[in-house]
Amino acid sequence: MSLPRVVIVDDHGLFRAGVRAELDGLVELLGDAGTVEEAAELIARTQPDVVLLDVQMPDGGGAEVIRRVASQQPGVRFLALSVSDAPEHVIAIIRAGARGYVTKTISGPELADAVQRIAGGDAVFSPRLAGFVLDAFAGTPEAAPAAIDPELDSLTAREKEVLRHIARGYLYKEIALRLNISTKTVEAHVSAVLRKLQLSNRHQLSRWAAERRLVD
């Protein structure tokens with residue numbers, strides 16, 4: 001059996017090096033990337049079977065990598081490898097298109113086995129996480145549309161915070177003070193949200209948030 005061809009995406013260089021060492025000889029390693037841009041370029045160039053993907057990164061995280069890659073390269077499969085086992089992180093990355101989710105406590109041989117199974121078309125989850133996914137996708141038909149919102153899932157946690165403050169009518173300076181960040185950072189988050197949601201101004205953002213009941 002040929003070894004699955006793998007790309008590693010994580011914003012921590014030491015962790016990427018550790019994963020490479022653990023998987024050496026168990027998979028065919030094609031390279032690693034520390035940002036969304038680097039990951040998209042590397043995946044397009046190397047055409048891996050499986051991408052090991054961190055969930056949370058400063059420039060959008062694993063979900064953003066999937067969104068940039070999946071439509072152009074539908075044969076690539078994604079396995080989330082994260083320190084977090086929070087249900088919201090698990091569900092968001094699976095909705096984005098990952099085929100599995102394992103935590104960073106996994107051993108090298110176990111990770112190699114998970115990669116092999118993902119490459120073969122299986123879905124793989126750490127035991128405790130499988131229940132989150134089953135619960136999320138086994139809701140009533142009436143609840144399903146509200147539970148699955150790809151546009152909302154495309155936003156990072158900080159972007160959602162900024163969006164809620166915008167929807168409540170706060171000015172950029174007020175949001176900066178409340179979140180202990182700079183006004184320029186608030187502006188950058190708003191620009192990112194507008195781009196991801198394909199909206200033009202803060203009034204449209206407020207209406208979008210109100211329609212999804214994100215504000216009181």
Side chain proximity check, [X] to [Y], heavy atoms < 4.5 angstrom:
{"X": "Leu81", "Y": "Ile8", "value": "no"}
{"X": "Leu199", "Y": "Trp208", "value": "yes"}
{"X": "Arg45", "Y": "Leu42", "value": "yes"}
{"X": "Val102", "Y": "Phe125", "value": "no"}
{"X": "Val69", "Y": "Phe78", "value": "yes"}
{"X": "Val76", "Y": "Ile66", "value": "no"}
{"X": "Ile43", "Y": "Val51", "value": "yes"}
{"X": "Ser82", "Y": "Asp54", "value": "yes"}

Exercise for the section: Could you give me the CA-CA distance, side-chain angles and deciding distance for Leu52 and Leu79, then say whether side chain to side chain contact (heavy atoms under 4.5 Å, CB included) is met? Expected result: CA-CA 5 Å; Leu52 281 175; Leu79 173 60; 3.6 Å; yes
Looking at every non-hydrogen atom in both residues, tell me the closest pair between [X] and [Y] and how far apart they are.
{"X": "His165", "Y": "Ile175", "answer": "CB-CG1, 3.6 Å"}
{"X": "Pro4", "Y": "Val115", "answer": "CG-CG1, 3.8 Å"}
{"X": "Ala44", "Y": "Gln47", "answer": "O-NE2, 3.1 Å"}
{"X": "Leu23", "Y": "Gly108", "answer": "CD2-O, 3.8 Å"}
{"X": "Ala209", "Y": "Ala167", "answer": "CB-CB, 3.7 Å"}

Output the distance between atom [atom1] ([X]) and atom [atom2] ([Y]), rounded to the nearest 0.5 Å.
{"X": "Leu53", "Y": "Asp10", "atom1": "CG", "atom2": "CG", "result": "9.0 Å"}
{"X": "Ile181", "Y": "Tyr172", "atom1": "CD1", "atom2": "OH", "result": "11.5 Å"}
{"X": "Leu26", "Y": "Asp113", "atom1": "CG", "atom2": "CG", "result": "10.5 Å"}
{"X": "His89", "Y": "Ile94", "atom1": "NE2", "atom2": "CD1", "result": "13.0 Å"}

Does [X] use its side chain to pair, donor to acceptor, with the backbone of [Y] at less than 3.5 Å?
{"X": "Asp11", "Y": "Met57", "value": "no"}
{"X": "Gln116", "Y": "Ala112", "value": "no"}
{"X": "Glu110", "Y": "Ser107", "value": "yes"}
{"X": "Glu174", "Y": "Leu171", "value": "yes"}
{"X": "Arg5", "Y": "Thr46", "value": "yes"}
{"X": "Arg77", "Y": "Ala98", "value": "no"}

Practice task
Look at Glu161 together with Arg178 and state whether they make a salt bridge at an N to O cut-off of under 4.0 Å.
Solution key: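 Salt bridge: no.
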Test of understanding: clusters of I, L, V, M, F, W, Y form through side-chain heavy atoms closer than 4.5 Å, transitively. Do [X] and [Y] belong to the same one?
{"X": "Val9", "Y": "Ile106", "answer": "no"}
{"X": "Leu155", "Y": "Leu179", "answer": "yes"}
{"X": "Val19", "Y": "Val55", "answer": "no"}
{"X": "Val36", "Y": "Val50", "answer": "no"}
{"X": "Val7", "Y": "Ile93", "answer": "yes"}

Got a list of side-chain donor-acceptor pairs under 3.5 Å for residues 183-195, not counting sequence neighbours?
{"from": "Thr185", "atom 1": "OG1", "to": "Ser182", "atom 2": "OG", "distance (Å)": "2.8"}
{"from": "Ser191", "atom 1": "OG", "to": "Glu187", "atom 2": "O", "distance (Å)": "3.0"}

Exercise for the section: Keeping to residues at least two apart or across chains, list the salt bridge (charged side-chain N to carboxylate O under 4.0 Å, His left out) pairs with something in residues 15-29. Expected result: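 Listed once each, the pairs are Arg16-Asp32, Arg20-Asp32.
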Practice task
Indicate whether any N or O donor in one side chain lies under 3.5 Å from an N or O acceptor in the other, for Thr105 and Thr103.
Solution key: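 A pair is found: one side chain offers a donor N or O, the other an acceptor, under 3.5 Å apart.
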Practice task
State whether the number of non-hydrogen atoms from other residues, nucleotides or ligands found under 6.0 Å of Asn180 atom CG is greater than 12.
Solution key: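 No, because the 6.0 Å sphere around CG of Asn180 holds 12 heavy atoms or fewer from other groups.
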Exercise for the section: Assess whether side chain to side chain contact (heavy atoms under 4.5 Å, CB included) is satisfied between Lys196 and Thr156, documenting all intermediate values. Expected result: CA-CA 11 Å; Lys196 290 180 180 181; Thr156 66; 4.1 Å; yes
